[in-house]
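Letters A, B, ... are given to chains in the order of the sequence lines, protein chains preceding strands, and every chain is numbered from 1. Note that the structure is a prediction, hence the values are computed from the model and not measured.
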There are 4 protein chains.
Amino acid sequence: MKSEKADNKRQFILEEAAKCFGKYGYEKTILDDIGKAANMNKATLYYYFKNKEEIFMAVVLAESERFIADLQAKVKDVGNFDQKIVSYFSERLHYYKKVVNLHQLSVAQLRYIQPLFDELYQKVQQTEIAFIAQLLTEAQQKNLLRSQESLPKVAETMLLVANALKHEGVLQAKELYAHEIDYSVIDQQTNYVILLILKGLQQ
Amino acid sequence: MKSEKADNKRQFILEEAAKCFGKYGYEKTILDDIGKAANMNKATLYYYFKNKEEIFMAVVLAESERFIADLQAKVKDVGNFDQKIVSYFSERLHYYKKVVNLHQLSVAQLRYIQPLFDELYQKVQQTEIAFIAQLLTEAQQKNLLRSQESLPKVAETMLLVANALKHEGVLQAKELYAHEIDYSVIDQQTNYVILLILKGLQQ
Amino acid sequence: MKSEKADNKRQFILEEAAKCFGKYGYEKTILDDIGKAANMNKATLYYYFKNKEEIFMAVVLAESERFIADLQAKVKDVGNFDQKIVSYFSERLHYYKKVVNLHQLSVAQLRYIQPLFDELYQKVQQTEIAFIAQLLTEAQQKNLLRSQESLPKVAETMLLVANALKHEGVLQAKELYAHEIDYSVIDQQTNYVILLILKGLQQ
Amino acid sequence: MKSEKADNKRQFILEEAAKCFGKYGYEKTILDDIGKAANMNKATLYYYFKNKEEIFMAVVLAESERFIADLQAKVKDVGNFDQKIVSYFSERLHYYKKVVNLHQLSVAQLRYIQPLFDELYQKVQQTEIAFIAQLLTEAQQKNLLRSQESLPKVAETMLLVANALKHEGVLQAKELYAHEIDYSVIDQQTNYVILLILKGLQQ
DNA sequence: GATGAATGAGGATTCATTCAT
DNA sequence: AATGAATGAATCCTCATTCAT
């Protein structure tokens, strides 16, 4: 492929950028930092990415993919079926929190970035939906679920709800310190709804 | 007092500034934000403070004083004498971590700001030394300590060591994510040394 | 007089301001410098003077008066009548040059300040005219001048011409370095015209 | 060469900047002035220079190099060997005075700028040392000097002394008007020492 | 693909000046 | 008379972004 080399370079930039963002935070990282780290003129970065924000997004996406893979591997070893699902969402929220802290994002930036963020997650979400649907299917095959529902649809709904609660929590946090968003509340709300849904499926 | 009004205004500015720094972080907060929040031209801020950094420092100092007061009240209710001292230092480190996260400071900034930070803490430290010395004195009066040492000196030394370990931890963190500084290691080291010192006093 | 105290204070401010302007130049001297030097709040300066420029002008005026007095004393001892007049104008130009350098004025500032400058000199000029007229009168009494001209008028004209030539020189200096204005050319031109006028009077 | 164009532009900026500094002085010259004079956005200046000060320094350096070249050409035609050396140092001091006046620098600025100034002159000084050493060598070849000293070393020492006396003079001038520094005293001191050294070489 | 060069949009800081008391 | 407080208008400098080559 013509683009294989380009992809490698893109990848390399992202790795260096991730280090920079981690060290200095999103704001303090200037494109010259990333350029120097990747041994190229900062203008070249614009050949591979639209702008600083896109670089950041791509960094987060890469981290996400790694994380989701980890997460799914981990969840497979968790107790029974209910717990698998619940802990999946719980860990997922925990991860979101970590990313926010990791890059020292403030609430203001979060609000601005979130839409792009979510757009980016679309891709990841396909994986997520598939994974949850898979868990549900396995449960169904063990006769744990009586539902006739489309399981992918259910999985998507669960994710939708989880995301909605997360966003809701962030948007409520107007006056609070960014990382003081009370994720534990969001966590409980999410757990509760997910369990309700699962109960519904088991009727 | 001539300066009472000015002091109130200074105080007011600090409260508004604290909100801004909390919301946006140190970097993203621009003086216009603080000015608008405090209903004044940003140039006026320079009448009350030397520069942005001084405003930030004053905010942190105010938070510190509040925190130290809280902390000391809380520690009084903690189990026995040893535990009081140990938990004092543990909580103190936890607070430092919180401040760093609270204002989304990166390692790079930390290094730069730390000296000013510490200078500022001089005042707070007098309170801290007095408090620890008091705890030690009470223990001595209960014949828990046999030492003839000057207790304020001991208190000062404990603080010195705790601070040194904290700084050491930060300076080691060159390549790590700012908030990923491993405070738990620092915490253990600090606990260990403090207990050693206490043991020495009890010989 | 009510204003005697105020006059003393004004005088004191001017002395301190002169030191400041001398040390730092017009631009670099800030009102806080003058205020501190005169032991008063900078706002108070505005009670005594309209603005920074007026302080500067007053400083220059005071220096001028001192200088003109000196000059006139000195000239009295100079050789014959012609030489007295010529050296008066020559020294006068030399003084102007000194003031300009002394306060590190640039050509740009000079252009701006000149009108105010000249307005200020009006007062001084009365003294100057009187002095030159006196020299002329003495010459007339010794029958050195046959003219029927009004001698004050002649004196005034001489000053007018001298000033005009000086201004002309400054305005020509657009592209030159401020203090590189070629005063020697102006000096020669002035001498020449003054001598012509004197010749005319002696016909 | 890759940088030839850039060097030309740098040069062009310096020429325009020199005009501005000459017209308005260091303080009054704003970067917009230089930018406009050089037909570019002021931000572009930062592509070629680190800051305003560096531009100024570069202007002075360029002037210095031109001057030193002139000076050396001129000195070659001066009478005998002793006179060549003495007049070199005398002219050199005269030049320093001119630069200071030329840019309307106040004593305060001089103190601040001097270190950078001297750092910049390091380069020029190599040329100066070589030139003086050459004069000494020629004298030696004519058997005017009996010394076995390293002549470059002697040349360097002479420059060192001349600079030290110059600095001493500036630093003494605390309360004086900047351009009223009494260079004639410095000149005499320098001459005296240089002649002493030359005498020593002729023993 | 890559980069040297250019720039507009800010952001911190300074300072002459004003005004209420 | 005096001043604490306030501010608008600069001014230096930074940085993401663009563009011609």
Can you tell me the base-pairing partner of dA1(F)? Count Watson-Crick or G-U wobble geometry only, both distances below 3.5 Å, and say none if there is no partner. none
Checking all strands, does Asp32(D) fall into the base, sugar-phosphate, or nothing category for heavy-atom contacts under 4.0 angstrom?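 It contacts nothing in the nucleic acid.
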Would you mind classifying the nucleic acid contact of Tyr48(B) as base, sugar-phosphate or nothing, using non-hydrogen atoms under 4.0 angstrom? sugar-phosphate
Report the nucleotide, chosen from dC13(F), dT7(F), dT17(F), that has the shortest atom-to-atom distance to any side-chain atom of Lys52(A). dT17(F)
Starting the side chain at C-beta, find the nucleotide from dG8(E), dA16(F), dG1(E) nearest to Ala43(D). dG8(E)
Determine: side-chain N/O of Thr44(C) to OP1/OP2 of dT3(F), distance under 4.0 Å, yes or no.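 Yes.
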Can you see if the side chain of Asn41(C) gets near the phosphate of dG4(F) - specifically, an N or O under 4.0 Å from OP1 or OP2? yes
So among Ile30(C), Ile55(C), Asp33(C), which one has a side chain to side chain contact (heavy atoms under 4.5 Å, CB included) with Cys20(C)?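 Between Cys20(C) and the candidates, side chain to side chain contact (heavy atoms under 4.5 Å, CB included) is satisfied uniquely by Asp33(C).
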Rounded to the nearest Å, what distance is computed from the CD1 atom of residue Ile13(A) to the C1' atom of nucleotide dG1(E)?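 For the pair Ile13(A) CD1 and dG1(E) C1', the rounded distance is 11 Å.
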Rounded interatomic separation in angstrom, taking CD1 from Ile55(D) and C1' from dC13(F):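 The distance from CD1 of Ile55(D) to C1' of dC13(F) comes to 11 Å, rounded to the nearest Å.
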5' priority, DNA chain F, between Lys9(B) and Leu31(D) [closest heavy atom]: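 Mapping each residue to its closest nucleotide by heavy atoms, the 5'-most match is Lys9(B).
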Residue closer to the 5' end of DNA chain F, Lys42(B) versus Asn51(D) (nearest nucleotide): Lys42(B)
Relative to the 5' end of DNA chain E, which residue comes earlier, Tyr46(C) or Tyr46(B), by the nucleotide with the nearest heavy atom? Tyr46(B)
